[in-house]
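Quick caveat, the model's predicted, so the values are computed rather than measured.
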Amino acid sequence: MAEKYGMERKNTIGIIEDDRLLNQALDMSLKSAGYATVCARTKNDALSLLGNGESLLLIDIGLPDGDGITLYRELQDKYRSKFRGDAQTHPAADSKIPAIFLTARDEERDMLAAFDIGADDYVVKPFSMKVLQKRIEAVLGRRGAEGGERAVRVGELVLYPDRKRVFVRNQEISLTAKEYRLLEYLAENQGQVLTKENILEHVWGLDGQFVVDNTVSVTINRLRKKLSPDTAKSCCIKNVFGLGYRIDERQSGKDGA
């Protein structure tokens with residue numbers, strides 16, 4: 001099976017809540033649950049302290065020096081700007097930071113405004129800490145195991161399925177849609193032999209009935225050249241003579257032409 005990683009990182013929750021007692025209660029509760037926390041009570045403090053790779057934000061919509069919805073938008077911009085060009089080390093650099101909004105108001109327009117800018121959930125005060133923790137777990141679960149983005153690794157090759165991006169030795173590789181789908185299919189079934197029929201059905205679907213016989217071979221060869229431009233024969237995608245193709249970490253050995 002392909003290796004999923006990113007689970008060792010401890011989740012950091014950003015808490016932006018102007019009520020001092022509630023802020024402290026959230027801090028203590030989340031730390032007791034095993035999270036790291038960064039706390040702020042104003043919009044300005046949040047912009048100064050947050051936007052450094054938090055796993056999730058808890059944002060009070062009503063802040064003394066602004067509103068939480070505008071703050072969330074500004075934190076997103078800060079994070080993307082800070083980590084632009086480093087998308088593999090910081091995968092969320094081109095995606096949104098998960099957020100749960102907190103408010104004493106239960107007006108529909110507030111909820112709609114929060115969801116319109118990408119809120120993952122919305123909690124009306126007063127609320128149970130245990131219920132909030134379950135909601136946090138649910139949001140992080142949707143983002144991937146322990147809040148990290150799901151990644152598939154085959155040796156020095158790393159795929160991020162949510163963003164359809166591929167890196168080899170920290171360098172991003174540009175692939176066509178079909179090349180990416182083929183590579184992901186192989187990587188998700190690491191070590192297993194996949195026949196041309198399997199690949200045509202999964203990658204090309206109904207269109208596979210109308211492609212020429214060597215379509216898979218041609219696409220495989222293009223992938224090899226992109227993944228290992230200097231020594232394409234040492235690519236981790238291997239021919240298994242008479243059967244099909246497989247991908248694994250080994251960069252040497254002959255299974256067939």
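Rounded to the nearest 0.5 Å, atoms CZ (R246) and CG (N239) are 10.5 Å apart. The CG atom of L194 sits 11.5 Å away from the CD atom of E188 when rounded to the nearest 0.5 Å. With rounding to the nearest 0.5 Å, the separation of CD1 in I97 from CD in Q76 is 5.0 Å. R181 contributes atom CZ, which lies 6.5 Å from atom NE2 of H202 (distance to the nearest 0.5 angstrom). Atom CG of L186 is separated from atom CD of Q192 by 10.5 Å, given to the nearest 0.5 angstrom. Within the model, atoms OG1 of T215 and NZ of K178 stand 10.5 Å from one another, a figure rounded to the nearest 0.5 Å.
Under the 3.5 Å distance criterion, the side-chain polar atoms of D65 are matched with a main-chain donor or acceptor of N44. The closest donor-acceptor contact from the side chain of R73 to the backbone of I117 lies at 3.5 Å or more, if one exists at all. T37 contributes no side-chain N or O that, together with a main-chain N or O of I13, makes up a donor-acceptor pair within less than 3.5 Å. In this structure, the side chain of D18 does not engage the main chain of R41 through any donor-acceptor pair within 3.5 Å. The closest donor-acceptor contact from the side chain of D248 to the backbone of G191 lies at 3.5 Å or more, if one exists at all. For the pair D67 (side chain) and T70 (backbone), a donor-acceptor distance under 3.5 Å is present. Between the side chain of D27 and the backbone N or O of Q24 there is no donor-acceptor pair closer than 3.5 Å.
Side-chain contact between V124 and Y122 is present, with heavy atoms from C-beta onward closer than 4.5 Å. Using a 4.5 Å heavy-atom threshold, the side chains of L223 and Y245 count as separate. Annotation: side chain of V152 is not in contact with side chain of E184 (no heavy-atom distance under 4.5 Å). The shortest side-chain heavy-atom distance between Y35 and L140 falls under the 4.5 Å cut-off. Side chains of L132 and L58 form a contact here, defined as non-hydrogen atoms less than 4.5 Å apart. Contact annotation: the side chain of L183 approaches that of L157 to within less than 4.5 Å [non-hydrogen atoms, C-beta and beyond]. Proximity of F167 to Y160: side-chain heavy atoms (C-beta onward) are separated by under 4.5 Å at one or more points. Under the 4.5 Å side-chain criterion, counting only non-hydrogen atoms from C-beta, M129 is in contact with L26.
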| said: Could you walk me through whether D45 and S48 satisfy the side chain to side chain donor-acceptor pair (under 3.5 Å) test, starting with their C-alpha distance in whole Å, then the side-chain angles of each, then the deciding distance to 0.1 Å, before giving a yes or no? | reply: CA-CA 5 Å; D45 285 347; S48 174; over 6 Å; no

Please walk me through it: do L56 and I100 pass side-chain contact (heavy atoms from CB on, under 4.5 Å)?
CA-CA 8 Å; L56 182 142; I100 296 176; 4.2 Å; yes

Walk me through whether K196 and S217 qualify under side chain to side chain donor-acceptor pair (under 3.5 Å).
CA-CA 9 Å; K196 286 187 178 181; S217 301; 3.2 Å; yes

- Message: Set out, in order, the CA-CA distance, both residues' side-chain angles and the distance that settles side-chain contact (heavy atoms from CB on, under 4.5 Å) for D60 and I16, then state yes or no.
- Response: CA-CA 6 Å; D60 184 10; I16 308 106; 5.7 Å; no

Residues K125, L22; criterion side-chain contact (heavy atoms from CB on, under 4.5 Å); working and verdict: CA-CA 10 Å; K125 303 173 190 175; L22 179 54; 3.9 Å; yes

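Nearest approach of L49 to A40, heavy atoms of both residues: CD1-CB, 4.4 Å. Annotation for P98 and D120: closest pair CA-OD1, 3.2 Å, computed over non-hydrogen atoms. The shortest heavy-atom contact between Y185 and N198 is OH-CB, 3.7 Å. Across all non-hydrogen atoms, the minimal contact from G51 to L75 is N-CD2, 4.2 Å. The shortest non-hydrogen separation linking R153 to Q190 is O-NE2, 3.4 Å. In this structure, K43 and G66 approach most closely via the heavy-atom pair CD-CA, 4.2 Å.
Within 6.0 Å of the CE atom in M28, the count of heavy atoms belonging to other residues, nucleotides or ligands does not exceed 12. The 12-atom threshold is not exceeded at NZ of K134, counting heavy atoms of other residues, nucleotides or ligands nearer than 6.0 Å.
Partner I15 forms a side chain to side chain contact (heavy atoms under 4.5 Å, CB included) with one of L30, V38, L57, I59 and no other, that one being L30. A side chain to side chain contact (heavy atoms under 4.5 Å, CB included) with L71 is found for one member of I61, L50, L47 and no other, namely L47.
Between F101 and Y72, the ring-plane angle classifies as perpendicular under the 30° and 60° cut-offs.
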